[in-house]
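Structure, as structure tokens:
Throughout, a chain's letter reflects where its sequence line sits, starting with A, and its residues are numbered from 1.
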Amino acid sequence: MPELPDLEVFAKNLDKHLSGKKLKKINIKNKSKLKSSTKEIKSAIEGSTLKKIFRDGKELRLRFSNSNVLGLHMMLHGRLNYFTNKNEFKYTILELIFADGTGLALTDFQRNARVILNPEPSKVPDALSKKLNSKYLTDALNRNAAIKNVLLDQDVIRGIGNAYADEILWKAKISPFSVSRQIPPARIKVLEKSIRQVLAWGEKEIRKADPDIIGGEVRDFMKIHNPTKKKSPTGAAIKKKSGSRKTYYTNEQVLYK
DNA sequence: AGAAATGTTGCGCT
DNA sequence: AAGCGCAACATTTC
């Protein structure tokens, strides 16, 4: 269940481990969520050398020497696993086998992880991109939706998920239920900073906890979106609101409405 | 042992 | 008619 900081660490670790290797074979074990045909994917990248693995929004991308790109979206439960010789993981969606024998398997017990050949470039800024400046945010927030929903909207900003949205809003001292249009300009600037700071902090904490991680999750360092904590670092009681996703917040956050 | 978790899509209600 | 909330996806982990 990775969010942006997790994916950022995975991408860097995978890149270090796999870049420069030649892809010998790709086996697609589950086609249910596939947009392109197996044949198209195989002919696009088999025999090509992996140049770079990076993150874009909530996707991992593998770019090959012939410029073809394989996008991987983990959805809720997808994970990546290395193997040698034989892939014995359950729920495999696809496996990549490199010329030196290294294997990488994408697994998902829910079978929702997605594989996309040559994903369309998006105009929506990534949460860590420079295009996400105060002007963009001010325009994007000019609507009546709750601010948390705006942060989670991948058509507004790509990469923020449920847990980090709570952390970001606590840091910015904005209630998740604030009407985004009512947030004053000075607060929007604080929000902009908080997005970058919280995501960078998450990445650092994940790497500290598990330097070589390429799958799964590290969450226990979270200050607010954390079921084991009762109080924020500044001593306010953490409240929870259930919905389709749980929201954690405190009274330290101002409700603009 | 039952609830909670995570992202996206699509639908229905207001 | 924008915005919200819910169900579904299916299993693991606590």
Are A:V190 and A:L128 connected in a single hydrophobic cluster, I mean Ile/Leu/Val/Met/Phe/Trp/Tyr linked by side-chain heavy atoms less than 4.5 Å apart?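 Cluster IDs for A:L128 and A:V190 differ.
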With a 3.5 Å cut-off and just heavy-atom distances, do the side chain of A:H77 and the base of B:dT6 make a donor-acceptor pair?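 For A:H77, whose side chain was compared with the base of B:dT6, there is a donor-acceptor pair (under 3.5 Å).
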Before giving the answer on salt bridge (charged side-chain N to carboxylate O under 4.0 Å, His left out), spell out for A:D126 and A:R55 the whole-Å C-alpha distance, their side-chain angles and the decisive distance to 0.1 Å. CA-CA 10 Å; A:D126 184 89; A:R55 178 199 61 79; 2.8 Å; yes
What nucleotide among [options] has an atom nearest to a side-chain atom of [X]?
X	options	answer
A:M75	B:dT6, C:dG3, B:dT8	B:dT8
A:K246	B:dG7, B:dA5, C:dC9	B:dA5
A:Q110	B:dT6, C:dG3, C:dA10	C:dA10
A:H225	C:dC9, B:dT6, C:dT12	B:dT6

N or O in side chain of [X] less than 4.0 angstrom from [N] OP1/OP2:
X	N	value
A:R219	B:dT6	yes
A:Y248	B:dA5	yes
A:K58	B:dT8	yes
A:R143	C:dG3	yes
A:N149	C:dC4	yes
A:R245	C:dC6	no

Sequence-distant partners of A:K135, side chain to side chain contact (heavy atoms under 4.5 Å, CB included), two or more places apart: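 Residues passing side chain to side chain contact (heavy atoms under 4.5 Å, CB included) with A:K135: A:N133, A:D139.
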Using a 6.0 Å cut-off, check whether atom NZ of A:K229 has over 12 heavy atoms from anything other than its own residue.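 Enclosed: over 12 neighbouring heavy atoms sit under 6.0 Å from NZ of A:K229.
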Is the positively charged end of A:K171 above the ring of A:W201, judged by distance under 6.0 angstrom from the centroid and angle within 45° of the axis?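 Verdict for A:W201: no cation-pi partner in A:K171.
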Where along residues 156-166 of chain A does a heavy atom come under 4.0 Å from DNA chain B, residue by residue in number order?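 Those residues are A:G161, A:N162.
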Which sits closer to the 5' end of DNA chain B, A:R114 or A:F109, going by the nucleotide each is nearest to?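 Nearer the 5' end of the strand: A:F109.
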Starting from [atom2] on [N], measure out to [atom1] on [X] and report it in whole angstrom.
X	N	atom1	atom2	answer
A:M222	B:dA5	CE	P	13 Å
A:D108	C:dA8	CG	P	19 Å
A:D153	B:dT8	CG	C1'	12 Å
A:K90	C:dT13	NZ	C1'	14 Å
A:L152	B:dG7	CG	C1'	10 Å
A:R79	C:dT11	CZ	P	16 Å
A:Q182	C:dG3	CD	P	13 Å
A:N81	C:dT12	CG	P	14 Å

Under 3.5 Å for both distances, Watson-Crick or G-U wobble, that's the pair rule; now give the dot-bracket for DNA chain B, with | marking pairs to another strand and [ ] for crossing ones. .||||.||||||||
For the backbone of A:V198 and the side chain of A:E167, can you confirm whether one donor and one acceptor N or O come within less than 3.5 Å of each other?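 No; judged by distance alone, with no hydrogens or angles, the pair does not exist.
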Would you say the ring centers of A:Y91 and A:H77 fall short of 6.0 Å from each other?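 Here the rings of A:H77 and A:Y91 have centres that are no less than 6.0 Å from each other.
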Would the A:W170 and A:Y248 ring centres measure less than 6.0 Å apart?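 They do not qualify: ring centres at least 6.0 Å apart.
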Roughly how far apart, to the nearest Å, are C:dC14 and B:dT6 at atom C1'?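 Per the computed distance, 15 Å lies between those C1' atoms.
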Mind checking the P distance from C:dA10 to B:dA1? Whole angstroms is fine.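 Per the computed distance, 24 Å lies between those P atoms.
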Cut-off 3.5 Å, side chains only: do A:N68 and A:S48 have a donor facing an acceptor?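 Side chains of A:N68 and A:S48: no pair found under 3.5 Å.
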Between A:K208 and A:E205, does any side-chain N to carboxylate O distance fall below 4.0 Å?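 Salt bridge flag = yes for A:E205 with A:K208.
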Step-by-step side-chain contact (heavy atoms from CB on, under 4.5 Å) determination, A:T49 to A:K22: CA-CA 4 Å; A:T49 297; A:K22 186 174 167 182; 4.2 Å; yes
Using heavy-atom distances to pick each residue's nearest nucleotide on DNA chain C, tell me which of A:R181 and A:S242 is more 5'.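 The residue mapped nearer the 5' terminus is A:R181.
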